[in-house]
S.K.: 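Before I ask anything, let me first share the structure, which is written out below as structure tokens.
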Amino acid sequence: MPNQSRIEIQDRVFGAGIWHFGRYVDRYATDGYGPPVSTLQAIDLAGQVEDLSVVDLTFPFDPVDLPVAEVEDALKRNGLRAIAITPEIYTRRFTRGAFTNPDPQVRRQAIELVSQGAEVARQLGCDYVKLWPGQDGWDYPFQADHSQLWRFSLDAVRELAAAFPDLRFAIEYKPREPRNSMVFSSVSKTLLGIEEIGLPNVGILLDFGHSLYGGESPADAARLAISRGRLFAIDVNDNYRGWDDDMVVGSVHLTETFEFFYALQDAGWDGVWQLDQFPFREDSVEAARAGIRVMKSIDRALGLVDREALTAAQQAQDALAAQRIVQRALLTAMVEQ
């Protein structure tokens, strides 16, 4: 029988990275896929998504001198809360690395920028500060001393977490891009680093698409992080596994997305279901609505799974029986939406 002991759909909290509503630029459309979007404009767009409750804000704001009080007002005006601050430690001045830059002054600038973002996170009452050191890594064999990069990375995160013991720091790992190889590249390597850092307020933000792109099973990665009490947050999207496409949730790997959320619920994790989509050519508000609509269908499907039958199928490692059970639940929920 379906399991009724779960969070009701109306209690589920949905979020999005504020960049979802921003301007997109790539190496071809260098003039952007749309006009510039300020922080306040992006918040106003997010406010048009009916089921959206929280947003992850990049820092510094746009414009850089935007007062925090104005951001607070915009959030309140739109019925939103800032769940996180993501310091931009991956921009032009950090192209040779942020925490791992060969210049100690630039490494210090990265730590200072995150510290400034952490102070803003305190002001806004955020749940965590997200660390995505996308420029920390290497591109060529013999380019860097891997032990040194590892030490620089752990020392920086440890310093920040120790300086702000009241805040949580969530490391978002990714195998590559913009560097050909990133320091925090997988769930297992990131967990190893967190263990070595040795502080309780350091954890993982698991990006579903990064996990796919890295050849992981996102459900397996989630269970591994949860088993160590280190899954602080998730971002959800989709891709073709060859690149971090940041497509609408469930548009390619619907069954694996369902398995991911099943694993979260089965392990008792009940955090925010947060979008990290990049609608280059789609309307950003409609893309957010589409992603949340899929997640709400998945949430309904979780209550339709015959868990006893699924457990029996998994104990027998009967792939076809397991697929039949989850497909029935998922397709029923999708049809009824």
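Side chains are part of it too, since the values below use all heavy atoms of this structure and drop only hydrogens, waters and symmetry mates.
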S.K.: Connecting only ILVMFWY residues whose side-chain heavy atoms lie within less than 4.5 Å of each other, what is the rest of Tyr213's hydrophobic cluster?
M.R.: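 Hydrophobic cluster check, Tyr213: joined to Trp243.
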S.K.: Taking 4.0 angstrom as the limit, do Asp73 and Lys76 come out as a salt bridge?
M.R.: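 Salt bridge flag = no for Lys76 with Asp73.
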S.K.: Please report the C-alpha distance between Asn180 and Tyr140 in whole Å, then the side-chain angles of each, then the deciding distance to 0.1 Å, and finally whether the side-chain contact (heavy atoms from CB on, under 4.5 Å) criterion is met.
M.R.: CA-CA 8 Å; Asn180 287 339; Tyr140 291 89; 5.6 Å; no
S.K.: Under a 4.0 Å threshold between the charged nitrogen and the carboxylate oxygen, would Asp155 count as salt-bridged to Arg107?
M.R.: no
S.K.: Report the residues that fulfil salt bridge (Lys or Arg N to Asp or Glu O under 4.0 Å) with Asp51, sequence neighbours left out, ordered by chain and then residue number.
M.R.: Lys296
S.K.: Salt bridge or not for Asp166 and Arg122, using N-O below 4.0 Å?
M.R.: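 Salt bridge flag = yes for Arg122 with Asp166.
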S.K.: Decide yes or no on side-chain hydrogen bond (donor to acceptor under 3.5 Å, both in side chains) for Asp276 and Trp19, but give the supporting numbers first.
M.R.: CA-CA 8 Å; Asp276 180 13; Trp19 51 90; 2.6 Å; yes
S.K.: With the 4.5 Å side-chain cut-off for hydrophobic clustering, are Ile111 and Leu199 part of the same group?
M.R.: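 Linked within one cluster.
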S.K.: Does Glu256 pair with Arg241 as a salt bridge, N-O distance under 4.0 Å?
M.R.: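 Yes, charged N to carboxylate O under 4.0 Å.
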S.K.: Does this structure show an ion pair linking Asp127 with Arg81, if we count only N-O contacts that are shorter than 4.0 Å?
M.R.: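 Yes, charged N to carboxylate O under 4.0 Å.
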S.K.: Is it the case that the ring center of Tyr262 lies less than 6.0 angstrom away from the ring center of Phe260?
M.R.: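 Judged by ring-centre distance (under 6.0 Å), Phe260 and Tyr262 do not meet the cut-off.
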S.K.: I'd like to know whether Leu310 forms a side-chain contact (heavy atoms from CB on, under 4.5 Å) with Asp306, so could you lay out the CA-CA distance, the side-chain angles of the two residues, the decisive distance to 0.1 Å, and finally the verdict.
M.R.: CA-CA 6 Å; Leu310 181 57; Asp306 186 332; over 6 Å; no
S.K.: Going by the angle between their ring planes, with limits at 30° and 60°, are Phe278 and Tyr24 parallel, tilted or perpendicular?
M.R.: tilted
S.K.: If the plane angle is over 60° it's perpendicular, under 30° parallel, otherwise tilted; pick one for Trp132 and His210.
M.R.: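 If you compare the ring of Trp132 with that of His210, the planes turn out tilted.
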S.K.: Once the angle between the rings of Trp273 and Phe14 is folded into 0 to 90°, is it parallel (under 30°), tilted (30 to 60°) or perpendicular (over 60°)?
M.R.: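 Perpendicular, since the angle between the ring planes exceeds 60°.
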S.K.: Going hydrophobic residue to hydrophobic residue with side-chain gaps under 4.5 angstrom, can you get from Leu131 over to Phe152?
M.R.: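 As far as the 4.5 Å side-chain criterion goes, Phe152 and Leu131 are not connected within one cluster.
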S.K.: With sequence neighbours excluded, tell me which residues meet side-chain contact (heavy atoms from CB on, under 4.5 Å) with Arg77.
M.R.: Asp44, Ala74
